[in-house]
Asks: 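This is the structure I want to talk about, given as structure tokens.
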Amino acid sequence: MPARAPPPDEVSTLIRQNRELNEQVKQLVRAERQLYLSRREVERQLGRTHALNRFALEAGGASEPGEILRALSEMLAGLFPFEQGLGLLVQGGRLVPAAVFALPGREGKGEEELSGRAIALDRAFADELPSPRVLSEPAARKELPRSGPLLDLLSHFFCERAGCPVQPGVVLWLPLWRKPGELAGLLLMRKAKEETTFHCELPADRDSFLEVAARHAAAAVSNALLLDDLKRSYGTLERTQAELVAKERLAAVGELAAVMAHEVRNPLGVVFNSLGSLRKLLGDVRDGAALLDMMEEEADRLDRIVGDLLDFARPKPPNLLPEALEPIIFGAIETARRAVPNRGVDFQVEVRGLGAVVMDSRMIRQALVNLLINAVQALPRGGRVRVLASEEARGGEPFARIEVSDDGPGIPSESAMRLFEPFFTTKASGTGLGLAVVRRFVEAHQGEVAVETSPERGTTFRVLIPVGRG
Amino acid sequence: MGTAVGVGKSTHRRCRTAGSTAAESALAGLGGHKPGLVLAFATAGYDQEELLRGVSEVTGGSPLAGCSAEGVITHEGSDEGSHAIGVMALASDRLTFDTFSSGDVSAEPRSCGERLSEQLRAAPAGGKLLLLFADGLTANCTELLAGLTERLPYPVAIVGGTAGDLLNFKRTYQYCDGRVASGSVSAVLIGGEARPDIEVSHGCDLIGLEQTITRAERGFVYEIEGRPAWAFFKEYLESDAEDLDALTVAHICLAELLPRANLDYGEHIIRVPLKLEKETGALFFAGGLKAGTRVHVAMRRPERICERAVASARRIAARHPGEDPLLVLQFDCAGRGRLLFGERTNEASIQPVQRVFGNGVPWLGLHTYGEIAPVEGRAYFHNYTLALCALYGAGGS
Ligand SMILES: Nc1ncnc2c1ncn2[C@@H]1O[C@H](COP(=O)(O)OP(=O)(O)O)[C@@H](O)[C@H]1O
Ligand SMILES: [Mg+2]
């Protein structure tokens, strides 16, 4: 195309138009930038709102205040560059650690390190912190003069760890105000280093989003505490009532037992005396001896029933002394052997690494006798009864574990549930008190008794009592 | 054995654990073979030395290259968090691996490039692909590439990116054979039966008139159309903007006319300023704009960025019908991640590209401060761009 120069005035119009166009482009770019920035801000706010909603849902479903504080930490760690969280609840004028949170690689010590580390909360501290603050650790010591113990706790828990240099970090102080003047708790969120990244900035001091989140959390924590209180007091009520009823019933039975013991044991004494005399008088008159044996056996049984009844209905506090278990086990076996006629029952005893146990040996002996008698009775055609005693740790405490097993027929499930009920028996001449007494005595030692049974493997009763040294 | 490739990632906050965890997952893909090459990209929240110590604990003496990144990309998506590391391990009896490095890219970019090409000459012959990881803040990469390609001993495809630091623009790191350096270039030469295929795309539109760079030196542009560069830029921003922050860098850029256009790629290459020299109002471009260069102001278009990225991936795949690449490396500008797409980055711009190759192809990428990739057979430094490099083996088809 042949180029023809445009006339001069056309050139200047073109240049002017071009310049105007360029100005419009600049304006367009500026407007686009505003749009971009506001879209970014909207997206950020939307992200926060979503997070808050999710948290509110989670907190509403949580039954435990610690869970709520953990959910709050998790949300904040998702929105801000925080890596660690420590949640404290106000309880009885103190700040009590209730929840910890950490991203992988920023874990602190074990949670048990926090138990018993409550911090006294003075009013002045609460006044120092009317709204959320984000402060470097050194700045916190200056601006929140009462925060020292909390900072110490934080660095004790999260920093002083082998191989992890103590770097000063940044801490978010998020007071959870239920309403003005009423602090429900405090959340501390920590970030190891002070510098941040472009995409994940620290929140501003007194950020209103944080205030809203804190108010949510405070309300949820209060609700959970209230619910917890309610549940607890309800539970206590129920328990005391049951105890009361049991005690009353027991008192009545106890009185009856005492009367009965008196009424039965006096004549029994006479019967035993007379039996002794008769034996001497009769010498070895045939059949007479057998008759006497029978009478004595029955009288023994009567005596036992009275004894069981007294044991059960008239519990005495245990008389605790350190003693070795082994002789008590052997003694109990002797008594059981004599108490129940047995054919071909083989007794095995094994005591493994168990020193003295603090106990009322009379009670423990009686409990073992009752278990052994049941075991032998479960083996009418002979079999094996094993007693196994060993030491076992439970929650860091040493316990004595005594197992009495037999290879008898086991206990049908409909009976198994009722075994420990007083007067429950499946035996023609049973009292149904043996296991009730076992439970009573074991519980008097702060112990517990359990049973495992199956037709193939027989029955094992397991008694656990604290060793109780030191 | 052929070629085995494994990729691992970690976001663990303890540097050593993160390094060793990511390396362990990468090695798990090698079926017990010792890696011949280890690539690592990690965000700058980590102490980089400790991090590499963690990687080496697992990979032993295997050659290690890579750099700090603004974000790490794997099949899990793009992660621009302060603590993320991605590791790729390769073991092969068909490919050869050599690692090099060259320092002082900030002061002497051209001779730094020349030194690299001398190292190529010394390396065993048969190099097919050269990966470059350069300092993202101080290097004039156009000069670097000029020095490197002026006397290349043999034709080699060049691809790579420049290191990032979470958009803090303070300091970036290059991993030079297991050591951590700044102001350097880390390089890997892959040879043997390697067939690299590289595509490059951006999503910027030209706006306004053509303008001329009137004064520039060593990557610094002092004047555009006779006016201080910063003042020129500011007219497109708010007039009270005081510094060149990430949000500004992401907003407008310059487009430079290519000597030879490419139908798919377009006619212009994108240039973004990285630094403002406040005293003079000069802007530093790692793309090294020269006086007399004619440029347009350009703006990114999010939809176009996504479309073109997917199209570039499809072009690669279409050239290798019925064949899966051994691996894909992705060099994606830091401005094309969270900065632009926010929470939607993965759905919008990462996953659609990955889907072209399928989930089975080992994938490692990073968000860079600049990208290096060829257009019409010549290596260029780019900004605001995606460079995809798919590496194919001897050819099953
Ligand atoms: N080792 C055991 N094997 C089978 N059944 C048992 C065993 N121990 C207890 N039982 C069952 O538990 C019931 C209650 O036992 P206990 O309280 O000692 O009362 P009693 O022995 O007087 O019946 C027994 O009647 C019996 O049915
Ligand atoms: Mg009994």
Side-chain angles (χ1 to χ4, degrees), chain A residues 14-15 17-48 50-51 77-84 102-107 158 161-165 167 169 190-193 195-202, chain B residues 10-18 21 43-47 70-71 79-83 164-170 206-211 225 232-239 241 245-248 250-252 296-302 334 337-345 367:
Chain A
L14 261 173
I15 288 178
Q17 277 176 351
N18 249 347
R19 212 172 283 137
E20 275 167 18
L21 211 73
N22 219 24
E23 279 315 305
Q24 277 169 12
V25 163
K26 280 177 198 164
Q27 238 160 53
L28 212 78
V29 174
R30 279 199 293 266
E32 272 251 11
R33 186 176 145 85
Q34 283 312 321
L35 208 71
Y36 163 70
L37 291 178
S38 46
R39 199 166 42 218
R40 215 177 121 83
E41 181 57 22
V42 166
E43 216 173 88
R44 199 174 68 111
Q45 295 296 351
L46 218 65
R48 287 176 161 206
H50 277 316
L79 294 173
F80 304 109
F82 299 113
E83 305 172 306
Q84 300 161 323
L103 291 179
R106 287 284 188 255
E107 295 87 352
F158 282 124
R161 185 179 142 154
C164 169
Q167 293 168 310
R190 186 172 180 278
K191 175 184 180 328
K193 281 191 237 162
E195 69 196 50
T196 53
T197 72
F198 183 81
H199 293 299
C200 197
E201 281 174 303
L202 285 169
Chain B
S10 175
T11 56
H12 202 276
R13 300 247 154 178
R14 300 190 88 182
C15 309
R16 276 223 193 187
T17 316
T21 312
T43 56
Y46 287 119
D47 175 327
E70 193 274 334
D79 191 333
E80 293 172 72
S82 57
H83 295 75
D165 70 342
L166 298 167
L167 299 174
N168 287 330
F169 300 114
K170 283 191 190 139
L206 309 194
I207 46 177
L209 303 174
E210 197 177 68
Q211 327 246 9
E225 293 287 321
F232 174 89
F233 253 71
K234 263 191 359 184
E235 286 172 15
Y236 293 85
L237 313 167
E238 290 80 59
S239 46
D245 60 1
L247 292 173
T248 314
H251 196 59
I252 56 163
H296 274 274
V297 172
M299 249 180 102
R300 67 207 162 163
R301 292 267 170 255
R338 218 153 125 182
L339 202 55
L340 187 58
F341 295 105
E343 300 291 312
R344 293 172 299 111
T345 304
H367 287 294

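Lettering of chains follows the sequences in order, A, B, ..., and the numbering in each one begins at 1. The analysis underlying the following values was restricted to heavy atoms, covering all of them including side chains, and did not include hydrogens, waters or symmetry mates.
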Asks: Below 4.5 Å, heavy-atom pairs only: which of B:Leu247, B:Ile252, B:Thr17 has the largest tally toward chain A?
Replies: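 Ranked by contacts with chain A, first place is B:Leu247.
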Asks: List the atom of A:Phe198, the atom of B:Asn168, and the distance in Å for their closest heavy-atom pair.
Replies: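 Smallest interatomic distance, heavy atoms only, reads N-OD1, 4.1 Å.
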Asks: Between A:Glu83 and chain B, with a heavy-atom cut-off of 4.5 Å, which part of the residue counts as in contact: side chain, backbone, both or neither?
Replies: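 Contact with chain B is through the side chain of A:Glu83 alone.
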Asks: Quick one: do A:Arg33 and B:Thr248 satisfy side-chain contact (heavy atoms from CB on, under 4.5 Å)? Show the steps, please.
Replies: CA-CA 9 Å; A:Arg33 186 176 145 85; B:Thr248 314; 3.8 Å; yes
Asks: Measure B:Phe169 against the heavy atoms of chain A and call it side chain, backbone, both or neither at under 4.5 Å.
Replies: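 When you check distances to chain A, no heavy atom of B:Phe169 falls under 4.5 Å.
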Asks: What residues, two or more places apart in sequence or in another chain, satisfy ring pair (Phe, Tyr, Trp, His ring centres under 6.0 Å) together with B:Tyr236?
Replies: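 Scan of B:Tyr236 (ring pair (Phe, Tyr, Trp, His ring centres under 6.0 Å), adjacent residues dropped) gives B:Phe232.
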Asks: Holding to ring pair (Phe, Tyr, Trp, His ring centres under 6.0 Å), I want the full list of residues that pass it with A:Phe82, two or more places apart in sequence or in another chain.
Replies: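 For A:Phe82, no residue satisfies ring pair (Phe, Tyr, Trp, His ring centres under 6.0 Å) once neighbours in sequence are set aside.
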Asks: What's the shortest heavy-atom distance between B:Leu167 and A:His199, and which atoms?
Replies: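 Closest approach of B:Leu167 to A:His199: CD1-NE2, 3.6 Å.
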Asks: Side chains of B:His83 and A:Arg106, heavy atoms from C-beta outward: is any pair under 4.5 Å?
Replies: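 Yes, close enough: below the 4.5 Å cut-off.
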Asks: Hey, does B:His251 have a side-chain heavy atom less than 4.5 Å from the side chain of A:Val29?
Replies: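 Answer yes - side chains close enough.
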Asks: Just so I understand: if I count every heavy-atom pair under 4.5 Å between each of B:Asp165, B:Leu209, B:Leu166, B:Asp245 and chain A, which residue has the most?
Replies: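 Between B:Asp165, B:Leu209, B:Leu166, B:Asp245, the count favours B:Leu209.
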Asks: Output yes when a side-chain donor or acceptor of B:Arg14 lies under 3.5 Å from a complementary backbone atom of A:Pro104, and no otherwise.
Replies: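 Answer holds: no.
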Asks: Applying a criterion of heavy atom separation less than 4.5 Å, what residues of residues 37-48 of chain A form contacts with chain B?
Replies: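 Contacts with chain B: A:Leu37, A:Arg40, A:Glu43.
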Asks: Heavy-atom distances under 4.5 Å only: say whether A:Asn22 touches chain B with side chain, backbone, both or neither.
Replies: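 Just its side chain gets close to chain B.
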Asks: Atom NZ in A:Lys26, atom CG in B:Leu237: separation rounded to 0.5 Å?
Replies: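 Those atoms lie 11.5 Å apart.
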Asks: Flag the pair A:Leu28 / B:Ile207 as yes when at least one side-chain heavy-atom distance between them is below 4.5 Å, and no otherwise.
Replies: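 The answer is no, as the side chains (C-beta and beyond) never meet within the 4.5 Å cut-off.
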Asks: Is it the case that over 12 heavy atoms from other parts of the model lie below 6.0 angstrom from the CD atom of B:Glu225?
Replies: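 Correct, the count exceeds 12.
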Asks: Between B:Glu70, B:Arg344, B:Arg300, which residue shows the highest count of heavy-atom pairs closer than 4.5 Å to chain A?
Replies: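 That would be B:Arg300.
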Asks: Considering residues at least two apart in sequence or located in another chain, which fulfil the side chain to side chain contact (heavy atoms under 4.5 Å, CB included) criterion with B:Arg301?
Replies: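 So B:Arg301 forms a side chain to side chain contact (heavy atoms under 4.5 Å, CB included) with A:Glu32, B:Asp205, B:Glu303, B:Arg304.
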